[in-house]
2 protein chains.
Amino acid sequence: MDRRTATIQDVARVAGVSTATVSRTLSKPAVVTKATRDAVLSAVAETGYRVNTTASNLRRQRTGSVIVLLPNIANPFFAQILAGLSSVLTPAEYGMLIADTQSGPDADARLAHYLASGQADGLVLLDGTLSAEVLASPARPPIVMACEWMGSTLPSVRVENARGGALAVGHLAELGHRRIGHVTGPPDNVLTQTRLAGFSDALRALGLPQNPAWVLEGDFTMDSGAAAARARLALTDRPTGLFLSSDEMATGFIGEVQRAGLNVPGDVSVVGFDNIEIAQHLAPGLTTIRQPRTQIGVRAAELLLTMIESNSRDAPSEIIAVELIRRGSAGPPPG
Amino acid sequence: MDRRTATIQDVARVAGVSTATVSRTLSKPAVVTKATRDAVLSAVAETGYRVNTTASNLRRQRTGSVIVLLPNIANPFFAQILAGLSSVLTPAEYGMLIADTQSGPDADARLAHYLASGQADGLVLLDGTLSAEVLASPARPPIVMACEWMGSTLPSVRVENARGGALAVGHLAELGHRRIGHVTGPPDNVLTQTRLAGFSDALRALGLPQNPAWVLEGDFTMDSGAAAARARLALTDRPTGLFLSSDEMATGFIGEVQRAGLNVPGDVSVVGFDNIEIAQHLAPGLTTIRQPRTQIGVRAAELLLTMIESNSRDAPSEIIAVELIRRGSAGPPPG
DNA sequence: CTGAAAGCGCTAACAA
DNA sequence: TTGTTAGCGCTTTCAG
């Protein structure tokens with residue numbers, strides 16, 4: 001029993017065939033006779049051989065992995081997208097490398113690094129704040145965006161963010177609200193802008209008032225949602241219903257409102273965005289816009305694999321539908 | 001301008017040196033003269049050369065990546081551990097491959113696969129339900145467990161799970177509770193068992209009653225926490241304070257209690273485990289046992305890198321302290 | 001259907 | 001300090 005791991009040479013020797021035949025048997029079994037196939041497979045079993053992926057990759061001029069670039073791994077929002085990606089990449093024998101653009105100093109530089117490094121056969125971008133110029137890299141691998149991105153023409157999988165904002169406003173209006181506010185994500189984020197646009201357009205279409213004081217700035221976190229709740233309380237002229245651009249913010253908002261002794265939806269109605277798991281477990285349940293994150297990951301991975309396998313840098317983008325989920329956090333306005 | 005990416009040969013030609021010198025310049029710049037260094041570096045810039053990691057890895061008999069094996073990527077609990085791992089692995093130039101043991105049919109087989117495949121220089125295990133025999137693999141790379149694991153002697157980074165259970169019980173007892181219950185994780189999980197043991201031992205030490213009906217089975221999810229709340233309501237003889245083995249369950253529990261029109265902590269006190277982000281945003285805030293997840297990831301990665309670099313399969317394990325975080329969800333018992 | 005042989009791009013002895 | 005050389009382990013023509 002060697003302690004070193006067996007190589008294809010060892011298998012060839014044991015099976016009494018050439019290394020080429022071993023390689024063939026393993027990659028296209030149909031092309032060798034049953035006799036040699038049996039000999040090779042039993043030699044493989046005997047030696048405990050496993051192909052050395054590094055060598056195989058070098059020879060085949062590929063890497064066997066895909067890099068997923070996201071702004072912040074610690075954000076649970078991405079966890080389900082990763083699960084979707086993994087469920088496609090793993091069976092296809094691609095490794096999934098995770099890289100965090102916020103952990104280093106310069107996110108754009110990191111992206112440029114990954115583009116040029118040739119360390120992956122493809123890239124999935126989940127960060128909508130990277131600058132477009134970086135993509136100029138001539139030898140870059142196929143890329144799929146799984147998020148909105150300013151003025152990019154890259155293949156992408158996106159959700160109907162604007163329509164989500166409109167659905168939220170429509171629901172609040174239907175319940176009788178006429179003073180509808182919004183808590184945004186970070187201002188430079190494209191999601192923020194798209195959802196805000198959907199919100200504003202819907203108000204306009206419904207002939208409802210647009211009050212800039214009712215549009216509060218957040219950053220998608222629970223903390224910023226709680227801060228928005230305090231900011232709203234400080235207003236003399238308050239919106240009765242709010243659309244928040246993420247469920248995390250909505251959660252922080254509701255918590256803070258309740259701690260202030262007020263009632264949701266009695267005093268203020270809340271609609272979130274995402275439908276994260278906790279939405280149905282809050283009291284009241286959080287009315288929100290569902291965005292199917294696992295499916296986003298699945299479709300992005302499928303798109304990318306198609307591009308990799310067809311050696312193309314382009315593919316049709318895809319838009320995934322959102323849906324209003326009615327729970328208890330939005331009700332008729334007070335009075 | 002070639003469309004193919006430049007190789008070390010191209011750089012050598014442009015700089016008028018050998019490939020060995022190029023390689024040296026890039027890996028140990030100190031060992032070449034300034035003149036050649038300058039020549040090489042400008043040739044690198046001119047050609048846009050980047051080392052081919054696959055070739056480098058093949059030559060150096062390493063893979064440059066670490067596999068992180070976790071039960072379920074979609075579980076946000078792991079997100080912060082991943083962030084900690086990434087913050088150490090990325091600067092050290094190791095790729096972080098994520099693999100999900102629950103996405104395939106047989107988790108043990110997956111582990112065995114990764115152990116033998118030689119696709120990684122090291123492994124981080126976050127799944128405490130894998131069977132120990134699989135580790136028999138002779139040529140396996142260094143492994144660090146970042147979770148409890150039955151009867152394993154592998155190097156590990158763990159938290160004081162039993163003490164966490166004891167802290168929770170101690171706190172409830174201090175507030176005056178004498179009827180203290182517990183909601184467990186999945187029964188076969190070692191975390192479940194350790195926290196349950198800490199819970200039971202603490203009750204015994206304090207001379208408090210142990211009622212099997214007050215120990216409800218959960219599975220760490222919010223859904224199971226909500227179910228536990230309903231199960232508690234169905235009891236005629238109810239515990240006044242509960243320790244739940246995860247914050248997610250505690251969140252689901254509190255939501256369900258509130259939807260039933262009861263008050264936390266007025267009617268029932270709740271202590272969770274983890275200190276996930278939402279804990280401070282619930283109303284009331286969730287009293288819980290803090291477990292520093294980023295730090296777990298950081299230490300696990302550091303341990304693993306040490307082992308990889310010293311080519312050792314062993315290292316001292318580490319225990320990370322937990323801490324009671326007092327918020328509003330635990331108060332004096334009713335009456 | 002199978003084997004021989006030529007590298008993929010890089011690094012590390014070893015020599016000079 | 002630098003160059004020469006020999007592979008790392010694999011796949012894939014190209015012959016046979």
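Throughout, a chain's letter reflects where its sequence line sits, starting with A, and its residues are numbered from 1.
- Taking atom OH of residue A/Tyr49 and atom C1' of nucleotide D/dT11, one finds them 10 Å apart after rounding to whole Å.
- When the nucleotides D/dT2, C/dC10, C/dA5 are ranked by their closest atom to the side chain of A/Ala20, C/dA5 comes out on top.
- Atom CZ of B/Arg13 is separated from atom C1' of D/dG3 by 16 Å (rounded to the nearest Å).
- Of the residues near DNA chain C, B/Lys28 and A/Gly16, the one whose nearest nucleotide (by heavy atom distance) lies more toward the 5' end is A/Gly16.
- Taking every side-chain heavy atom of A/Val17 into account, C/dG3 is the closest of C/dC10, D/dT11, C/dG3.
- Not a single donor-acceptor pair under 3.5 Å links the side chain of A/Arg313 to the backbone N or O of A/Met307.
- B/Ser27 comes within contact range of no nucleotide atom at all, as no heavy-atom separation falls under 4.0 Å.
- For B/Leu58, counting side-chain heavy atoms from C-beta on, the closest listed nucleotide (C/dG3, C/dG7, D/dC8) is D/dC8.
- Per the geometry, CG belonging to A/Asn52 stands 13 Å off C1' belonging to C/dC8, to the nearest Å.
- Atoms CZ (B/Arg59) and P (D/dT5) sit 15 Å apart, rounded to a whole Å.
- In this structure the side chain of A/Ile308 reaches within 4.5 angstrom of the side chain of A/Tyr94, judged on heavy atoms.
- Regarding contacts with the backbone of D/dT2, a side-chain N or O of B/Thr36 is found under 4.0 angstrom from either OP1 or OP2.
- Under the 4.5 Å side-chain criterion, counting only non-hydrogen atoms from C-beta, B/Val190 is not in contact with B/Cys147.
- At whole-Å resolution of the value, CZ in A/Arg62 and P in C/dG9 are 16 Å apart.
- For A/Ser23, whose side chain is taken as the heavy atoms from C-beta onward, the closest listed nucleotide among C/dT2, D/dT12, D/dT4 is D/dT12.
- One interatomic measurement links the two molecules: CZ of B/Arg24 to P of C/dC14, which rounds to 14 Å at whole-angstrom precision.
- Not one N or O on the side chain of B/Arg62 forms a donor-acceptor pair closer than 3.5 Å with the backbone of B/Asp121.
- For the OP1/OP2 pair of D/dC10 and a distance below 4.0 Å, the side-chain nitrogens and oxygens of A/Ser56 include no atom meeting the criterion.
- The backbone N or O of A/Thr7 lies less than 3.5 Å from a partner atom in the side chain of A/Asp10, making a donor-acceptor pair.
- Distance CD (B/Gln61) to P (D/dG9): 5 Å, rounded to an integer number of Å.
- A sub-4.0 Å separation between OP1 or OP2 of D/dT2 and a side-chain N or O of B/Thr21 is absent.
- Nucleic acid contact class of A/Thr54 (heavy atoms, under 4.0 Å, all strands): none.
- DNA chain D is contacted by both B/Arg37 and B/Ala55; B/Arg37 maps to the nucleotide lying nearer its 5′ end (nearest heavy atom per residue).
- In this structure, NZ of B/Lys34 is placed 18 Å from C1' of D/dT2, rounded to the nearest angstrom.
- Taking the side chain of B/Thr33 as heavy atoms from C-beta on, and the options D/dT12, D/dT1, C/dG9, the nearest nucleotide is D/dT1.
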